[in-house]
> 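I'd like to ask some things about the structure below.
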Amino acid sequence: MEHLISLKLWSPEKIREVLDLAKDVKANPEKYYNAMAHKNLLMIFEKPSLRTRLSFESGMTQMGGHAIYYDMSTSPMGSGKETISDSMRTASRFVDVVMARLFKHEDLLEMAEYSTVPVINALTDDSHPCQILADLQAIEEKKGKVAGLKLAYLGDGFNNVTHSLMYGGTKMGMHVSVGSPAGEEFSPRADVVADCEEFAKESGGSVFVTDDPVEAVRDADVVYTDSWMSYHIPKDQEEARIAKFMPYQVNSALMAHAKPDAIFMNCLPAIRGCEQTAEVIDGPQSIVFDEAENRLHAQKAVVLTLCGAA
Ligand code: CP
Ligand code: NVA
């Protein structure tokens, strides 16, 4: 049995297989109308969501199955009345696949350990692999390939989306550069950088971390940013974070250092005037809503693959 815990643990071949399936799912959704008939997806949420919840739930319905939305705060797990292990051993008796959006990655690992059905990471403090599969699909649609392209990520480097982009990008032969403020609190985790250097050696890609936003973005094919206020960030840190990240804001002046045909991406939600300006996210280079749409197709491919239903 396979899970989707992190792209770090998936081979480039596995990622390619899922991307190819996602392309077919998007082009021919009717082929998969009954692929998940009578199957149930349990969706455990400890944090808010628009895209993840709607895309997983719609995807299951479109494939003939059903999705159960389960709010962690109303569960025995959330109130500490039942352990993760007992909850998962029980839930696995009822459902065919589980996705979870959690604060702590260790909790996801524990879920996977005790689940007898596949578990999908729908965002933890460590990573957000479903997002990056959708992103790679979107890049391939717009650019015809992913290998050899330069993807520049700007802003909060110590971030789940950043880490997954680095894993997914370097596994697939991309040149991933991260422009973020210096210091452990804001830069990508050292172990992620070290792993990605190894993945890049295999794939012909590269990984580069700098605190210079212009250097990060120079000649990029893809410019990517994520929220400066991730769901777990307390309100009282917002002002200090805005000051810290403002030099990394993706605005027209910064975009001018990327290739003229560069695309702009953001996993969303986004705040205009923070991680990017309105002219960039609402401008002609932005593909953020195509990117968001692919959550549906890519996750259908993940579910089909893990459930052996492709
Ligand atoms: N990008 C993303 O995961 O969005 P949600 O938080 O709305 O699910
Ligand atoms: N880094 C963000 C991603 C939201 C989809 C967060 O963790 O909230």
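Counting starts at 1 for both ligands and their atoms, following the listed order.
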> Flag the pair F264 / Y224 as yes when their ring centroid distance falls below 6.0 Å, and as no otherwise.
no
> Are R189 and D191 ion-paired here, with the side-chain N under 4.0 Å from a carboxylate O?
yes
> Would you call the rings of W228 and F245 parallel, tilted or perpendicular, where under 30° means parallel and over 60° means perpendicular?
tilted
> Please list, in number order, the atoms of ligand 1 under 4.0 Å from a heavy atom of Y231.
5 (P), 6 (O), 7 (O)
> As a check for students: among T124, N160, T52, identify the option with a heavy atom nearest to atom 7 (O) of ligand 2.
N160
> Identify the protein heavy atom lying closest to atom 4 (O) of ligand 1, giving its residue, its atom name and the separation to 0.1 Å.
R51 NE, 2.8 Å
> To which protein heavy atom is atom 2 (C) of ligand 1 closest, and what is the distance rounded to 0.1 Å?
R295 NH1, 3.2 Å
> Taking only non-hydrogen atoms of L268, do any sit less than 4.0 angstrom from ligand 2?
yes
> Output yes when a side-chain donor or acceptor of K14 lies under 3.5 Å from a complementary backbone atom of L7, and no otherwise.
no
> Answer yes or no: is there an ion pair linking K104 with E46, defined by an N-O contact shorter than 4.0 Å?
no
> Using the benzene-type ring in the case of Trp, are the ring centres of F45 and Y70 under 6.0 Å apart?
no
> Find all atoms of ligand 2 within a distance of less than 4.0 Å from any non-hydrogen atom belonging to D226, and give their numbers and elements.
1 (N), 2 (C), 3 (C)
> Against heavy atoms of L268, which atoms of ligand 1 measure under 4.0 Å?
1 (N), 2 (C), 4 (O)
> With heavy-atom distances below 4.0 Å as the criterion, list the atoms of ligand 1 near L50.
5 (P), 7 (O), 8 (O)
> Quick check: R53 and ligand 1, any N/O pair under 3.5 Å apart?
no
> Does any N or O of ligand 1 fall below 3.5 Å from an N or O anywhere on C267, backbone included?
yes
> With a cut-off of 4.0 Å, which atoms of ligand 1 are near a heavy atom of H128?
2 (C), 3 (O)
> Answer yes or no: does an N/O atom from R101 fall short of 3.5 Å to an N/O atom of ligand 2?
no
> Could you identify the single nearest non-hydrogen protein atom to atom 6 (C) of ligand 2 and state the distance to 0.1 Å?
S230 OG, 3.2 Å
> Between E215 and R218, is there a salt bridge with N-O shorter than 4.0 Å?
yes
> Hey, are E238 and R241 close enough for a salt bridge, meaning a charged N less than 4.0 Å from a carboxylate O?
no
> Using the side chain to side chain donor-acceptor pair (under 3.5 Å) rule, pick out the option among K145, K259, H175, K142 that qualifies with D221.
K259
> Within ligand 2, which atoms have a heavy atom of N159 less than 4.0 Å away?
1 (N)
> Which heavy atom of the protein is the closest neighbour of atom 8 (O) of ligand 2, given with residue, atom name and distance?
Y231 N, 2.8 Å
> Give a yes or no on whether a salt bridge exists between E82 and R89, defined as a side-chain N under 4.0 angstrom from a carboxylate O.
no
